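Notes for the one structure printed next.
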Amino acid sequence: MGDCEEVELPPDVSSAEPGDVLEEKVELPPDVTDDENLAKCQVASIRYLLSVLIFPVGAVSTCGAFLQIGFSTMSATSLAPMMCYKHPNGLRSVLKYPNIICGSDEHTAMLVIGWILLVVFVLGFVALCTFAVIQVPTWSANRRDHLVAAVRFLVFRFRLDSWWFGLPLLARGPLLSLPVVFATDYPPIQVIAIAMIMSGLLVLQMHFWPWKVPVLNLTDCIVSFGITLLVTASSIHLKID
């Protein structure tokens, strides 16, 4: 038999009896303790609960989607009291409600409601969406995923390099109503302004191709071109005094 080399065992191993279970002792760094880990977990849990209760991501995104769907209707409704056309006798009536004379008490009440709706739900919503579109890249880079998820309704349909395209689509509704407000008695100006707005959005659409699905880009271009063509063709039937 060859020579065997003697190996020294640690004291707790050499003195162990058969059947004893040896426990390995692991020393943690002095800066890691159970109390600190527990405190960190509690703080993280409290922050998560507060973020869920105070800032419910799903509810914010759902409300934003509903506001986005009804945004064009809200903008048209808020601007309706401001569209007054002139009668031959010099009086003016609301375009949508000819029986209401502009400047009357009923018209004043409509203007107050319209301005509240315009400032709070139209301009306020546009301002919030503009702020969100500007901040989304920063939120995404800083891993603030709950904020990105809250504005998902505004960006999820578009490609990453065209995440902002929801803003021009949102502003299209009020922009198409403004020519009727400022030139109620001048249909040719309305036609020219609306055609310019639709053409500008069409060029923007064709340049950036923002939708994730290519078919939607093509469909949007065809629909926008068709609307622009119809608006322009309607000018043939206008009577200019």
Side-chain angles (χ1 to χ4, degrees), residues 55-83 96 113-140 144-183 190-231:
F55 195 81
V57 172
V60 173
S61 182
T62 303
C63 291
F66 277 112
L67 288 173
Q68 190 178 33
I69 292 172
F71 184 77
S72 296
T73 303
M74 285 191 299
S75 60
T77 304
S78 63
L79 293 173
M82 306 174 193
M83 302 176 185
K96 194 174 182 180
I113 297 173
W115 274 107
I116 293 174
L117 186 62
L118 179 65
V119 172
V120 177
F121 292 99
V122 178
L123 297 180
F125 187 61
V126 170
L128 288 176
C129 290
T130 303
F131 174 77
V133 165
I134 294 173
Q135 292 296 322
V136 158
T138 304
W139 292 341
S140 180
R144 304 183 70 177
D145 297 332
H146 63 290
L147 294 177
V148 177
V151 295
R152 181 178 179 273
F153 70 93
L154 195 61
V155 298
F156 80 100
R157 294 170 295 175
F158 308 106
R159 295 188 295 114
L160 292 179
D161 57 346
S162 302
W163 82 97
W164 48 267
F165 198 78
L167 205 56
L169 290 182
L170 195 66
R172 180 170 58 184
L175 287 177
L176 292 177
S177 298
L178 286 179
V180 186
V181 174
F182 292 111
Q190 298 176 25
V191 170
I192 294 172
I194 293 174
M196 290 177 62
I197 293 170
M198 292 300 301
S199 300
L201 291 173
L202 178 60
V203 171
L204 202 66
Q205 155 77 25
M206 295 177 64
H207 178 72
F208 290 100
W209 217 245
W211 300 91
K212 288 181 178 179
V213 182
V215 176
L216 290 179
N217 289 294
L218 183 60
T219 304
D220 196 5
C221 287
I222 294 174
V223 171
S224 298
F225 178 76
I227 294 174
T228 306
L229 190 62
L230 286 174
V231 171

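Keep in mind that this is a model prediction, so the values were computed, not measured.
In terms of modelled atom types and a separation under 3.5 Å, the side chain of Ser140 and the main chain of Pro137 share no donor-acceptor contact. Between the side chain of Lys212 and the main chain of Leu160, no donor-acceptor pair closer than 3.5 Å is present. Of the possible polar contacts, one joining the Ser199 side chain to the Ala195 backbone as a donor-acceptor pair under 3.5 Å is found. In this structure, the side chain of Ser78 engages the main chain of Ser75 through a donor-acceptor pair within 3.5 Å.
Summarising the geometry of Lys96 relative to Ala80, their closest heavy-atom pair is CD-CB, 4.4 Å, with the distance given to 0.1 Å. Here the closest non-hydrogen pair linking Asn217 and Gln205 is O-NE2, 3.2 Å. When all heavy atoms of Met198 and Thr228 are compared, the pair lying nearest together is CB-OG1, 3.2 Å.
Heavy atoms from other residues, nucleotides or ligands lying under 6.0 Å from CZ of Phe225 number 12 at most. Counting heavy atoms of neighbouring residues, nucleotides and ligands inside a 6.0 Å radius, atom CZ of Arg157 exceeds 12 of them.
With Phe208 as reference, Trp164 is the one residue of Trp164, Phe158, Trp163 to meet the ring-ring contact (aromatic ring centres under 6.0 Å, His included) rule.
Looking at residues two or more places apart in sequence or on another chain, you find no ring-ring contact (aromatic ring centres under 6.0 Å, His included) involving Phe153.
Ile192 has its side chain within reach of Met196: a pair of non-hydrogen atoms, C-beta onward, lies under 4.5 Å apart.
The stretch residues 124-139 participates, sequence neighbours left out, in no side-chain hydrogen bond (donor to acceptor under 3.5 Å, both in side chains) pair at all.
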